[in-house]
Amino acid sequence: LRRAATAATALTMAVSLAACGEAGSGKEDKADNKTIGLLLPESRTTRYEAFDYPLIKAKVQELCGDCKINYKNAAENVSTQKQQFDDLVSSGVKVIILDAVDSGATKSWVDGAEKKGVKVVAYDRLAEGNVAAYVSFDNEKIGKLQGEGIVQALGDKAEHLFAHMFETMRGPGMQGMDGWLEDMDR
């Protein structure tokens with residue numbers, strides 16, 4: 001559900017930005033302003049191919065029936081993603097949703113795209129550079145929900161297991177974690 005909500009937010013922003021192109025200006029673009037670039041970082045983790053891409057594609061179709069997704073996966077290679085990004089900019093897309101392989105490597109790409117009128121929506125990881133928007137997950141809430149799910153699944157065994165785990169975590173090397181652990185004890 002969280003993936004769907006995050007993907008929907010990113011897509012709503014992307015479709016809105018794509019619609020704000022120069023439609024009706026009389027200028028001919030290489031792209032029709034209704035193609036959205038989608039760059040995901042890798043395919044080893046099933047979430048990108050099994051969830052993110054299909055959810056984003058479906059949401060684009062729902063929000064804009066004549067919009068298209070130009071999807072690329074970088075296979076964990078920064079150089080590949082840079083080439084994919086440049087290809088999308090050269091093709092005339094007006095919006096790129098970018099989940100960067102290395103967010104620190106993106107500043108010149110994003111800033112260069114902005115100068116050419118291309119909006120970049122950073123997705124999942126904040127890309128460096130002047131992004132038009134950033135959409136991600138609430139990691140603390142996700143952790144809380146995961147913890148609650150574990151407690152529910154463990155039932156009566158949860159209290160003993162977590163008490164032992166927290167005592168173990170208070171050992172050497174865990175200095176500075178007391179505030180976090182106190183929150184967890186609640």
Side-chain angles (χ1 to χ4, degrees), residues 1-19 21 30-114 116 118-150 153:
L1 184 60
R2 72 178 170 81
R3 281 192 182 102
T6 303
T9 302
L11 263 295
T12 301
M13 295 172 83
V15 170
S16 297
L17 291 169
K30 292 179 186 174
D32 61 8
N33 283 347
K34 292 196 175 185
T35 299
I36 298 167
L38 173 61
L39 299 178
L40 296 180
E42 50 102 348
S43 56
R44 252 185 344 159
T45 307
T46 58
R47 73 166 260 211
Y48 294 109
E49 300 297 322
F51 297 101
D52 293 32
Y53 173 55
L55 288 169
I56 289 170
K57 185 177 177 183
K59 194 65 175 179
V60 165
Q61 286 305 114
E62 178 187 323
L63 294 171
C64 179
D66 58 342
C67 288
K68 296 177 184 118
I69 291 280
N70 188 340
Y71 168 63
K72 310 265 186 239
N73 190 299
E76 299 180 77
N77 187 301
V78 175
S79 297
T80 298
Q81 192 168 58
K82 167 75 164 94
Q83 184 61 53
Q84 293 168 343
F85 188 94
D86 291 345
D87 290 347
L88 287 172
V89 172
S90 295
S91 76
V93 299
K94 295 297 177 194
V95 177
I96 297 172
I97 300 170
L98 173 63
D99 190 347
V101 172
D102 176 359
S103 57
T106 63
K107 183 171 178 24
S108 64
W109 318 352
V110 172
D111 292 345
E114 182 194 34
K116 294 179 180 180
V118 178
K119 307 287 186 190
V120 177
V121 176
Y123 172 69
D124 192 26
R125 299 174 185 132
L126 181 59
E128 287 191 18
N130 196 13
V131 297
Y134 172 50
V135 179
S136 191
F137 307 106
D138 181 342
N139 292 324
E140 286 185 22
K141 180 150 183 145
I142 290 167
K144 182 177 185 228
L145 292 171
Q146 288 172 334
E148 289 170 355
I150 291 169

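A distance of 8.5 Å separates CD of Q81 from CG of L40, quoted to the nearest 0.5 Å. To the nearest 0.5 Å, atom CH2 of residue W109 and atom CG of residue L88 are 11.0 Å apart. To the nearest 0.5 angstrom, L145 atom CG is 11.5 Å from I150 atom CD1. Annotation: the span from K68 atom NZ to K34 atom NZ amounts to 10.0 Å, rounded to 0.5 Å.
Contact of the Y71 side chain with the E49 side chain is registered, since non-hydrogen atoms from C-beta on lie closer than 4.5 Å. A 4.5 Å side-chain heavy-atom check between L98 and T106 finds at least one atom pair inside the cut-off. In this structure, the side chains of I56 and I69 come closer than 4.5 Å at one or more pairs of heavy atoms. At least one side-chain heavy atom of V60 sits less than 4.5 Å from a side-chain heavy atom of I36. Contact of the I96 side chain with the V93 side chain is registered, since non-hydrogen atoms from C-beta on lie closer than 4.5 Å. At least one side-chain heavy atom of V131 sits less than 4.5 Å from a side-chain heavy atom of L126. In this structure, N130 and K119 have side chains that are not in contact, with every pair of non-hydrogen atoms separated by 4.5 Å or more. You'll find the side chain of E42 stays beyond 4.5 Å of the side chain of V101, heavy atoms only.
Looking at R125, its side chain does come within 3.5 Å of a backbone N or O of A100 through a donor-acceptor pair. Remark: side-chain polar atoms of E128 are not paired, donor with acceptor, to backbone N or O of A105 under 3.5 angstrom.
Paired with Q83 under the rule side-chain hydrogen bond (donor to acceptor under 3.5 Å, both in side chains), one option of D86, T80, D87 passes, and it is D87.
Across A122 and A127, no two heavy atoms sit closer than the pair CB-N, 3.6 Å. Of all the heavy atoms in V110 and G129, the pair that sits closest is CG1-C, 3.8 Å. Listed here is the closest heavy atom pair of A50 and P54: O-CG, 3.6 Å.
Applying the salt bridge (charged side-chain N to carboxylate O under 4.0 Å, His left out) test to pairs two or more places apart or on separate chains, those with a residue in residues 131-144 are K144-E148.
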Walk me through it: do L39 and I97 pass the test side chain to side chain contact (heavy atoms under 4.5 Å, CB included)? CA-CA 6 Å; L39 299 178; I97 300 170; over 6 Å; no

Take Y134 and V121, measure what side chain to side chain contact (heavy atoms under 4.5 Å, CB included) needs, and give me the verdict at the end. CA-CA 6 Å; Y134 172 50; V121 176; over 6 Å; no

Salt bridge (Lys or Arg N to Asp or Glu O under 4.0 Å) between D111 and K116, intermediate numbers included: CA-CA 9 Å; D111 292 345; K116 294 179 180 180; over 6 Å; no

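Taking the six-membered ring wherever Trp is involved, the centroid distance between the rings of Y53 and Y48 does not fall below 6.0 Å.
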